[in-house]
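Below is one structure; the comments refer to it alone.
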Amino acid sequence: MDSLSQIVLGASVQGAILGKYQGRKAYIYGAILGTIPDLDVLLHYGDPVSNMTYHRGFSHSLFVLTALGLGGAWLISRYHQWRNMPLPYSFRRLAFAMTLALTTHPILDSFTVYGTQLFWPLQEPLQITPISIASMFIIDPLYTIPLLIAVIVGLIKGRNLSLFKRGIFANCQRFAIWMLIVSSSYLLLSVGLKYYAQDQAEQTLAAAGIDNIVRIKTMPVLPTILMWRTLAEDNQHQLIELRGSVLDKRLPEYRYLTQYNDSKALNASLPQSSQPYATRLDWFSGDWTGYRTQKPNDDSNQDSAQNNEQITQLVVDDLRMMAGDTAFFSFVLATKGNDNLQWQGITPTDAPVITVDDQPAPSRSELIKQGFKRVFDESIVDVNGDWILVE
């Protein structure tokens with residue numbers, strides 16, 4: 001999820017547990033703890049494939065963050081003992097607050113489609129795909145706003161908030177807890193709508209007579225839980241994309257992603273030096289990758305001007321995160337000068353976006369604007385984009 005959501009989640013968690021004792025500082029400390037896991041973006045692993053697939057790794061491990069929370073609480077309590085300044089709350093409460101503020105970060109991230117290694121370092125050896133519940137977009141204001149309100153109120157009121165007097169929530173700040181319940185309920189709603197959208201997509205496939213599907217995955221496509229995109233693969237390795245809004249009165253539209261028809265053959269033709277990158281991407285995405293070729297535009301291909309030949313690029317796309325026909329994560333793994341040469345492995349680079357007839361590709365903001373129009377108007381179907389409606 002976006003940084004603001006993680007900041008207000010961590011702040012709300014610590015404010016709920018320690019707000020009575022720490023006042024406004026509880027929200028500040030919680031915001032810092034909620035940010036720590038994403039500091040791994042400062043690490044550079046040498047290429048964009050590694051940067052993508054090692055993000056949300058060790059820094060998002062429940063094992064690592066639990067140890068960090070418990071260890072940090074122990075150090076703080078020992079420091080207070082050394083200074084002869086007894087904590088006004090128990091070590092158990094401090095450890096619980098710090099651990100929860102840290103671990104809720106990757107748990108929330110796991111609701112997005114990107115993939116989070118909650119169980120690092122066990123996931124790679126056991127070939128467990130990073131956790132991707134895929135029910136939330138990376139930004140969703142309806143999730144963030146309740147927590148943001150809780151933080152603002154907590155910073156204004158400090159310790160002076162209504163408290164539970166009895167039970168397991170004794171001495172916790174009630175308002176922050178209620179806002180956490182609201183935001184968590186929204187997460188559960190997103191899971192329910194995801195499987196409703198997936199059921200609708202399966203009905204589309206059945207109505208279209210496509211009954212040889214071997215796997216399927218549904219995910220949100222906008223900063224909302226109203227619009228959903230489903231990927232399906234049949235037993236001939238053909239990829240099908242479906243799209244629909246939960247407000248639709250009809251079944252979702254669908255299309256074949258024909259640009260990936262040669263995906264398996266291209267994957268098999270990768271040079272030895274490129275295979276580790278492809279294998280890691282396949283594992284990270286749960287095999288939701290598509291391999292294709294492209295010829296870059298002249299202005300993006302400096303080698304062609306020198307060699308007087310058009311370079312062909314072998315590109316891999318993460319199919320889970322796409323806007324239109326453009327993947328958010330797309331990498332060049334190999335190149336060749338003409339059809340008679342073998343693919344030459346390269347250090348992966350971000351794939352350039354190819355324009356047609358020098359027309360600029362739609363910006364993400366334009367695609368999002370079009371997507372929101374589609375949410376509320378089921379008649380908006382781009383037939384030129386090969387979308388098909390079923391009866």
Side-chain angles (χ1 to χ4, degrees), residues 48-49 52-53 113-115 129 132 134 198 201-202 204-205 208-219 221 228-244 252-271 274-297 311-336 339 342-343 345-346 348-356 361-362 364 367 382-388:
V49 169
M52 175 190 178
T53 58
V113 72
Y114 186 92
T129 301
S132 170
Q198 184 163 307
E202 290 171 348
T204 291
L205 294 170
I210 306 172
D211 56 3
N212 56 344
I213 298 299
V214 295
R215 61 181 184 141
I216 193 167
K217 187 176 183 68
T218 300
M219 62 224 80
V221 292
W228 298 86
R229 172 176 175 262
T230 297
L231 286 173
E233 184 180 14
D234 65 20
N235 56 11
Q236 301 299 315
H237 303 301
Q238 286 187 303
L239 291 164
I240 305 161
E241 180 182 23
L242 303 98
R243 184 183 65 181
E253 57 262 35
Y254 76 97
R255 65 174 179 173
Y256 283 92
L257 297 177
T258 55
Q259 65 267 42
Y260 301 110
N261 283 352
D262 296 326
S263 182
K264 294 296 181 182
L266 288 170
N267 188 348
S269 68
L270 278 170
S274 298
Q275 289 177 3
Y277 299 109
T279 299
R280 184 164 181 84
L281 271 172
D282 292 342
W283 164 76
F284 186 80
S285 67
D287 285 323
W288 288 110
T289 50
Y291 294 80
R292 59 183 175 84
T293 62
Q294 69 178 24
K295 294 183 181 294
N297 297 118
I311 297 295
T312 301
Q313 298 175 330
L314 198 161
V315 177
V316 56
D317 295 333
D318 188 326
L319 302 174
R320 302 169 304 158
M321 293 169 276
M322 297 182 69
D325 293 322
T326 303
F328 291 166
F329 294 96
S330 182
F331 310 101
V332 180
L333 297 185
T335 62
K336 65 178 179 178
D339 293 338
Q342 296 293 319
W343 290 107
I346 63 171
T349 61
D350 291 314
V353 176
I354 306 305
T355 59
V356 179
R364 291 184 184 181
L367 291 170
D382 181 13
V383 292
N384 294 326
D386 299 323
W387 290 102
I388 303 170

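Sequence positions, counted from 1, serve as the residue numbers for this chain.
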(message) Run the side chain to side chain contact (heavy atoms under 4.5 Å, CB included) test on Leu231 and Leu257 for me, step by step, so that the C-alpha distance in whole Å, both residues' side-chain angles and the decisive distance to 0.1 Å come before the verdict.
(response) CA-CA 10 Å; Leu231 286 173; Leu257 297 177; 4.0 Å; yes
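The CG atom of Asn267 lies 7.5 Å from the OG1 atom of Thr279; values are rounded to the nearest 0.5 Å. Remark: Met219 CE to Met321 CE distance equals 9.5 Å, nearest 0.5 Å. Note that CG of Leu239 and CZ of Arg215 are 7.5 Å apart. Values are rounded to the nearest 0.5 Å. The CG atom of Asp317 sits 3.5 Å away from atom OH of Tyr260, with the distance rounded to the nearest 0.5 Å. Asn212 CG to Glu233 CD: the interatomic distance, rounded to the nearest 0.5 Å, is 10.5 Å. Here Gln238 contributes atom CD and Asn261 contributes atom CG; the two are 5.5 Å apart, rounded to the nearest 0.5 Å.
Looking only at side-chain heavy atoms (C-beta outward), Phe328 and Asp318 stay at 4.5 Å or farther from each other. Counting heavy atoms from C-beta outward, Leu242 and Leu205 have side chains that approach closer than 4.5 Å. Looking at Gln313 and Pro296, their side chains come closer than 4.5 Å, going by heavy atoms from C-beta outward. Two residues are said to be in side-chain contact when any heavy atoms from C-beta on lie closer than 4.5 Å; Ser285 and Arg320 meet this criterion. Two residues are said to be in side-chain contact when any heavy atoms from C-beta on lie closer than 4.5 Å; Trp387 and Glu241 meet this criterion. Proximity of Leu281 to Met52: side-chain heavy atoms (C-beta onward) are separated by under 4.5 Å at one or more points.
When the ring pair (Phe, Tyr, Trp, His ring centres under 6.0 Å) test is applied to Tyr114, the partners found at least two apart in sequence or on another chain are His55, Phe284, Phe329. In this structure, Asp350 has no side-chain hydrogen bond (donor to acceptor under 3.5 Å, both in side chains) partners at least two apart in sequence or on a different chain.
Taking both residues in full, the closest heavy atoms of Thr312 and Trp343 are given as O-CZ3, 3.5 Å, listed atom of the first, atom of the second, then distance. Of all heavy-atom pairs spanning Leu333 and Ala278, the tightest one is CD1-CB, 4.0 Å. When every heavy atom of Tyr277 is checked against every heavy atom of Ile346, the shortest pair comes out as CE1-O, 4.5 Å. The two residues Gly345 and Pro271 have their closest heavy-atom pair at N-CG, 3.3 Å. Residues Val332 and Thr335 approach most closely at CG1-CG2, 4.1 Å, considering heavy atoms. Between Gln275 and Leu270 the shortest heavy-atom distance is NE2-O, 3.2 Å.
Panel note: side chain Arg280, backbone Thr53; a donor-acceptor pair is recorded below 3.5 Å. The main-chain N or O of Leu266 is found under 3.5 Å from a side-chain atom of Ser269 such that the two form a donor-acceptor pair. A donor-acceptor pair is defined here as one N or O able to donate and one able to accept, closer than 3.5 Å; no such pair exists between the side chain of Thr289 and the backbone of Val316. Under the 3.5 Å distance criterion, the side-chain polar atoms of Arg292 are left unmatched by any main-chain donor or acceptor of Gln259. Remark: the backbone N or O of Thr218 is not paired with any side-chain donor or acceptor of Thr230 at under 3.5 angstrom. At distances below 3.5 Å, at least one donor-acceptor pair connects side-chain atoms of Thr204 with backbone N or O atoms of Pro252. For the pair Gln294 (side chain) and Pro352 (backbone), a donor-acceptor distance under 3.5 Å is present.
In summary, the side chains of Tyr256 and Asp234 do not present any donor paired with an acceptor at a separation below 3.5 Å, with no hydrogens or angles considered.
Taking a cutoff of 4.0 Å between a charged side-chain nitrogen and a carboxylate oxygen, Lys217 and Asp287 do not qualify as a salt bridge.
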